[in-house]
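Worksheet: one structure, shown below.
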Amino acid sequence: MKNNLLFDFTVDKTTKTVSVTREFDAELPLVWQAFTDSKILDQWWAPEPWKAKTKFMNFEVGGRRFYAMVSPEGQEYWSLQKFTSITPKTNFKYLNAFADKDENPQLPGSEWDLNFSEQNGTTKVSITIYNESLERMEQQIEMGFQGGFTMGLNQLDELLNTLKNTNEK
């Protein structure tokens, strides 16, 4: 397992953008699957002790993922993602908004742009999150987005190592 993997988290209030770059010691197809398969996403997307629960996910342009972040007490906080662009194994984009349990989005939302590349068995994921409003972005940061997302990415790193070892056997 490599220990010198890149991780950068930058907040730019002037452009209402959060940029996250993270390298994983795993090949691109496995990392891509971890971001695009709801069964794998639910294993790492929420920071422990929270859990992610996908109600449905249709990973295609125009498709949607509707999921909840579930607190240890069982409270559900829903989000809706609408996929706007997919270039297999290299990029996908989606619109993200908090929602109620009936799939009604709470606007404004954010636009996510995820780019994937691999070099020598290390996959880099570069994520740009553009927020429609500075207030929404500041609210997310206040709610602990940086710490929670970092924890989720670390959980993904552990999961990828487990999946790699399982696939190698």
Side-chain angles (χ1 to χ4, degrees), residues 1-12 15-48 50-69 78-99 103 105 109-132 137 140 145-146 148-169:
M1 188 167 124
K2 299 176 187 171
N3 292 323
N4 59 342
L5 297 171
L6 173 69
F7 176 66
D8 181 62
F9 192 107
T10 305
V11 176
D12 185 341
T15 60
K16 300 181 282 192
T17 303
V18 174
S19 300
V20 181
T21 303
R22 178 72 154 80
E23 288 182 335
F24 297 97
D25 183 20
E27 294 182 356
L28 191 141
L30 185 59
V31 177
W32 177 264
Q33 184 181 12
F35 276 86
T36 61
D37 179 327
S38 64
K39 289 176 182 59
I40 299 174
L41 263 170
D42 284 351
Q43 294 179 56
W44 69 268
W45 189 255
E48 290 182 355
W50 291 63
K51 300 289 179 204
K53 176 178 80 172
T54 298
K55 188 170 184 178
F56 62 81
M57 181 171 172
N58 185 6
F59 187 69
E60 63 183 34
V61 174
R64 300 178 308 154
R65 176 183 181 217
F66 184 54
Y67 73 97
M69 299 284 260
W78 292 93
S79 289
L80 187 60
Q81 299 171 339
K82 183 176 180 187
F83 301 104
T84 57
S85 172
I86 299 171
T87 305
K89 306 265 189 319
T90 60
N91 173 272
F92 70 93
K93 298 176 184 179
Y94 61 84
L95 301 174
N96 182 76
F98 297 121
E103 300 174 44
S110 57
E111 299 171 21
W112 289 56
D113 184 355
L114 293 87
N115 289 286
F116 298 75
S117 61
E118 180 184 350
Q119 187 170 9
N120 300 323
T122 298
T123 299
K124 180 167 73 173
V125 182
S126 300
I127 305 168
T128 304
I129 307 163
Y130 170 74
N131 291 272
E132 294 175 11
M137 185 177 96
Q140 265 194 312
F145 176 73
Q146 181 172 356
F149 197 56
T150 299
M151 188 180 293
L153 292 172
N154 290 339
Q155 291 166 185
L156 172 57
D157 193 43
E158 292 173 22
L159 180 61
L160 289 169
N161 283 322
T162 301
L163 293 172
K164 266 187 358 185
N165 292 336
T166 302
N167 291 344
E168 289 172 0
K169 291 180 181 175

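The analysis underlying the following values was restricted to heavy atoms, covering all of them including side chains, and did not include hydrogens, waters or symmetry mates. We count residues from 1, following the sequence as given. Note that this is a predicted model, so its numbers are computed, not measured.
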Original post:
Can you tell me how far the NZ atom of K53 sits from the CH2 atom of W78, to the nearest 0.5 Å?
Top reply: 4.5 Å
Subject >> Electrostatic pair E103:R64 at N-O distance under 4.0 angstrom >> reply: yes
**OP:** Identify the two heavy atoms, one from T123 and one from A26, that lie closest to each other, and give their separation to 0.1 Å.
**Re:** OG1-O, 2.6 Å
Original post:
Under the 3.5 angstrom rule, does the side chain of D8 hit a backbone N or O of V20 as a donor-acceptor pair?
Top reply: no
Original post:
Does the side chain of L41 come within less than 4.5 Å of R65's, by heavy atoms?
Top reply: yes
Subject >> Any side-chain donor near an acceptor of the partner, N154 and R22, under 3.5 Å >> reply: yes
Original post:
Using a distance-only test with no angle check, is there a side-chain donor-acceptor pair under 3.5 angstrom linking D25 and N161?
Top reply: no
Subject >> Main-chain N/O of T54 paired to D42 side chain as donor or acceptor, under 3.5 Å >> reply: yes
**OP:** Please report the closest heavy-atom contact between S79 and F98, naming both atoms and the distance.
**Re:** OG-CD2, 3.7 Å
Original post:
Are the side chain of E118 and the backbone N or O of L28 linked by a donor-acceptor pair below 3.5 Å?
Top reply: yes
Original post:
Backbone N or O of K93 within a donor-acceptor pair of the E111 side chain at under 3.5 Å?
Top reply: no
Original post:
Is the backbone N or O of L153 less than 3.5 Å from a side-chain atom of D157, with the two atoms forming a donor-acceptor pair by type?
Top reply: no
Subject >> Atom of M57, atom of D37 and distance for their closest heavy-atom approach >> reply: CE-N, 4.5 Å
Original post:
Can you find a pair of side-chain heavy atoms, one from Q140 and one from N131, that are under 4.5 Å apart?
Top reply: yes
Original post:
Can you name the nearest heavy-atom pair linking K89 to F116, along with the distance?
Top reply: O-CB, 3.7 Å
Original post:
Under 4.5 Å between any side-chain heavy atoms of E27 and W32, yes or no?
Top reply: no
Subject >> Qualifying residue, where the test is ring-ring contact (aromatic ring centres under 6.0 Å, His included) with F149 and the options are F9, W50, W45 >> reply: W45
Subject >> From T36 atom OG1 to E60 atom CD, the distance as rounded to the nearest 0.5 Å >> reply: 13.0 Å
Subject >> Min side-chain heavy-atom separation L160-K164 under 4.5 Å >> reply: no
Original post:
Counting N and O atoms only, with roles assigned by atom type, does the side chain of T17 sit under 3.5 Å from a partner on the main chain of D12, one being a donor and the other an acceptor?
Top reply: no
Subject >> Reported OG1-to-CG distance for the pair T90 and N115, which is rounded to 0.5 angstrom >> reply: 7.5 Å
**OP:** Answer yes or no: is there a donor N or O on one side and an acceptor on the other, between the side chain of K124 and the main chain of Q119, under 3.5 Å?
**Re:** no
Subject >> Nearest atoms (heavy-atom pairs only) where F145 meets I129 >> reply: CZ-CD1, 3.7 Å
Original post:
Rounded to the nearest 0.5 Å, how far apart are CD of E23 and CG of L5?
Top reply: 5.5 Å
**OP:** Measure the shortest side-chain to side-chain distance between M137 and V11 over non-hydrogen atoms and say whether it is less than 4.5 angstrom.
**Re:** yes
Original post:
Are any side-chain N or O atoms of Q43 and backbone N or O atoms of L159, one a donor and one an acceptor, separated by less than 3.5 Å?
Top reply: no
Subject >> Rounded distance (nearest 0.5 Å) linking atom CG of L114 with atom CG of N91 >> reply: 7.5 Å
**OP:** List the atom of P105, the atom of A97, and the distance in Å for their closest heavy-atom pair.
**Re:** CB-CB, 4.0 Å
**OP:** Sort out for me which residue in F83, W44, W112, F59 forms a ring-ring contact (aromatic ring centres under 6.0 Å, His included) with F35.
**Re:** W44
